[in-house]
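On a predicted model such as this, the values are computed, not experimentally measured, just so you know. Computation of the quantities below employed the complete heavy-atom set of this structure, encompassing side-chain atoms and omitting hydrogens, waters and symmetry-equivalent molecules. So you know, we letter chains A, B, ... as the sequences are listed, proteins then strands, and number each from 1.
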There are 2 protein chains.
Amino acid sequence: MAKPRLVLKFGGTSMANPERIAHSASIVAAEARQGKQVAVVVSAMAGVTDRLLSAAEALGGGLGEVETDTVLAAGEQASAALMALALKREGFNSEAVMGWSLPILVEGPPGSAKITDIHGESLDEMMSAGVIPVVAGYQGLNANGRLATLGRGGTDLSAAAVAAAVGAECDIYTDVDGVFTTDPRIAPEAVRVERISHDAMLELAAMGAKVLQTRSVEYAKAKGVTLRVKSSFLPAGTSAGTEVTPETAIAEKRIVSGVAYVRDQARLSLHGGEGPQSAELLFAALGDADVDVDMIVQARARSGGSVVECSVAGRDLPRALAAAENAARPNGLEVRSETGLAKVSVVGTGLRGRADVARTLYAVLAREGIAVRMTATSEIKISALVDADLLEHAVRALHSAYRLGAAPPKA
Amino acid sequence: MAKPRLVLKFGGTSMANPERIAHSASIVAAEARQGKQVAVVVSAMAGVTDRLLSAAEALGGGLGEVETDTVLAAGEQASAALMALALKREGFNSEAVMGWSLPILVEGPPGSAKITDIHGESLDEMMSAGVIPVVAGYQGLNANGRLATLGRGGTDLSAAAVAAAVGAECDIYTDVDGVFTTDPRIAPEAVRVERISHDAMLELAAMGAKVLQTRSVEYAKAKGVTLRVKSSFLPAGTSAGTEVTPETAIAEKRIVSGVAYVRDQARLSLHGGEGPQSAELLFAALGDADVDVDMIVQARARSGGSVVECSVAGRDLPRALAAAENAARPNGLEVRSETGLAKVSVVGTGLRGRADVARTLYAVLAREGIAVRMTATSEIKISALVDADLLEHAVRALHSAYRLGAAPPKA
């Protein structure tokens with residue numbers, strides 16, 4: 001029977017200096033000694049990407065410049081070879097593998113390229129021969145033969161792609177021991193989520209603590225790769241972590257996985273006119289202004305006429321308002337807005353149609369005196385827009401109401 | 001008529017930070033605006049190679065480790081792309097070119113690889129099209145598809161190789177305005193050498209101030225590439241520098257170019273036995289002990305029997321002595337040694353057989369009361385081993401006697 005395969009990904013804090021690299025290598029070594037065929041994918045040493053980028057910026061090269069990508073890719077080149085050295089010292093045969101040498105083929109603009117193909121044959125051969133390949137993350141080779149990077153956090157994506165290419169599961173090592181039911185800084189009783197679906201993970205990942213890059217989860221979902229989020233700051237073999245698996249693999253039927261939140265939200269609404277036309281007008285204007293829209297509600301106002309409402313990031317509001325006003329004025333429509341909001345979301349699996357989950361959300365927020373400005377539901381979350389000052393209160397109340405924490409909810 | 005071509009090489013101090021890179025780019029731009037087709041070869045930013053090497057060493061990877069080379073090569077990757085950015089800001093089209101992408105093919109051990117071939121076609125095309133290629137120095141691709149470095153100072157070698165490949169002359173930018181007739185710290189009246197042959201340059205380059213890497217001068221000599229040593233710390237176009245040309249091109253017939261010196265020398269001698277056999281015994285033993293031998297003298301001792309003498313670096317003496325003793329004892333020969341010496345050399349062109357040059361050397365040292373422990377002559381230098389305490393005195397006296405300085409020699 002073929003040996004199980006595992007890709008281990010280490011981020012910048014896990015590669016911050018030779019001591020941390022050596023510790024991360026000990027984690028790889030422990031997996032290999034258990035008989036797994038392993039490959040490693042690494043980020044640049046913490047701080048290096050920022051230093052390289054600021055040097056490039058000082059010379060007129062921002063993100064999205066083809067030469068800047070060559071500057072940045074040097075960070076992962078160095079750290080991949082340093083990890084290979086550390087694994088050799090652990091007694092393994094190991095070799096650093098670059099995006100250009102494998103190659104990992106990418107396309108799209110510099111600074112935010114997409115992986116189109118990954119030639120995994122040589123990785124296959126190395127792993128079968130007991131050599132541990134250490135792949136430089138975050139980068140690939142484009143059709144012009146130039147290095148191109150995948151955007152911030154792109155090493156997670158590299159790891160998911162390498163895992164898919166060699167038929168492995170993928171452990172993402174970071175500085176936290178998995179994903180939590182909510183932000184422990186807000187609700188200290190938050191506990192680690194043991195298993196979660198890719199979709200629910202996407203929602204939790206969008207929270208403040210961005211332990212997994214969104215695109216890597218999407219990629220892993222599409223390719224059916226099981227991910228695990230683990231901590232490299234614990235001794236080898238002791239991080240339990242959170243497993244991100246295809247929905248069908250989740251046996252445990254705890255429906256709600258966690259409570260996520262996003263700060264700095266704003267609400268924008270367009271009053272008057274007919275619903276569909278107003279909505280089209282508003283979203284065309286916001287799209288042209290490159291404003292991302294999150295929640296959307298369309299309703300008939302009590303006064304007659306329609307109201308189209310949406311939420312946007314607070315920092316985008318000035319731009320969104322200007323675009324909306326320009327579109328509304330010639331049509332005699334009125335734009336209103338509200339800032340100082342935040343979004344709280346109950347995240348889980350198969351939530352749509354689960355009336356009890358929604359009912360609890362409304363009941364809890366009402367009981368706590370927290371006004372709900374807007375709501376939205378999907379398969380995997382129910383979100384409410386609330387006053388920013390009441391956000392943490394809402395997070396704690398919902399976390400407790402869904403019995404997510406370590407301690408029992410207050411009576 | 002084809003435009004003249006020029007390769008400009010910038011070392012670590014010329015690439016130390018974005019400001020210095022921008023200044024170096026202004027020097028490139030000035031040459032390009034004069035209608036030359038230019039290419040650039042760069043070192044890593046000052047300090048980066050040392051930092052990368054110490055990280056590799058901390059993980060068990062010294063120089064000569066294949067993974068260490070991948071770590072180190074990252075330094076030039078970043079600086080090449082930073083220079084390309086700076087040239088774009090100067091209004092030129094520019095592109096960073098890596099050792100692996102050109103490729104520059106190398107062979108030999110990691111950390112001290114040799115360039116075997118350089119595919120200059122794409123450089124040719126870029127230069128003809130007005131694109132300024134910026135080549136990452138110090139590195140190439142070996143037959144296993146791995147990055148390999150050329151050893152310290154290897155970027156000078158990369159530059160000479162690129163110049164030879166595209167039929168260009170090569171300006172080596174460093175932090176001094178050319179090569180001096182001797183070390184200005186010892187003889188403040190030292191002046192810049194305007195033109196010098198490759199061979200004589202090799203001798204001056206071996207001095208304390210190593211402005212040019214020996215292998216790059218040898219490579220340039222073999223390929224007939226004219227080099228210039230210039231300063232990147234002067235405004236663009238103002239560094240006069242030193243031109244290193246094939247001997248036949250040197251019109252100026254000032255025979256002696258400069259006075260070079262090497263500190264920390266030792267003398268080792270083997271007494272008794274027959275000359276040729278003793279010499280063979282001694283040099284076989286030193287060779288086995290990996291000790292480099294510099295000057296060699298063989299003579300018949302006044303007491304009868306032969307004496308074989310040689311000079312070695314002072315730091316190698318303990319190793320040399322042990323090896324010589326081991327070889328001498330079973331043969332009944334006696335080993336003697338002396339430390340605290342230094343070598344002073346008069347360097348020029350066509351010196352062998354120029355009795356006046358040698359006569360001046362002996363006369364000056366005798367007049368100054370400086371005992372000569374050993375001498376050696378070649379086409380391009382006459383060297384004397386002297387007491388280390390008298391070295392600087394000897395350098396000043398010889399520099400003055402050969403009228404190398406700016407001021408007339410003292411009466």
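Comparing B:Met83, B:Glu65, B:Gln77 by how many heavy-atom pairs each has under 4.5 Å with chain A, the most go to B:Gln77.
Taking every heavy atom of both residues into account, A:Leu82 and B:Ala55 meet most closely at CD2-C, 3.7 Å. Of all non-hydrogen atoms in B:Gly61 and A:Leu85, the two that sit nearest each other are CA-CD2, 3.6 Å.
Interatomic distance, CG of B:Leu59 versus NZ of A:Lys88, reported as 12.5 Å (0.5 Å rounding).
The shortest side-chain heavy-atom distance between B:Met98 and A:Thr70 falls under the 4.5 Å cut-off.
Within the 4.5 angstrom heavy-atom criterion, no atom of B:Glu76 approaches chain A. Residue B:Leu72: no heavy atom, backbone or side chain, is found under 4.5 Å from chain A. With a 4.5 Å cut-off on non-hydrogen atoms, B:Ala73 touches chain A through its backbone and its side chain both. In this structure, chain B has a heavy atom under 4.5 Å from the backbone of A:Ser94, while its side chain stays farther away. With a threshold of 4.5 angstrom between heavy atoms, B:Val97 does not approach chain A through any atom at all.
Proximity to chain B at a heavy-atom threshold of 4.5 Å picks out A:Ala22, A:Leu52 from residues 22-54 of chain A, in numerical order.
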Exercise. When you look at B:Asn144 and A:Glu95, which way does the side-chain contact (heavy atoms from CB on, under 4.5 Å) test go after all the steps?
Worked result: CA-CA 12 Å; B:Asn144 299 324; A:Glu95 192 174 316; over 6 Å; no
Exercise. Passes side-chain contact (heavy atoms from CB on, under 4.5 Å), B:Glu67 versus A:Val134? Steps please.
Worked result: CA-CA 11 Å; B:Glu67 302 302 329; A:Val134 184; over 6 Å; no
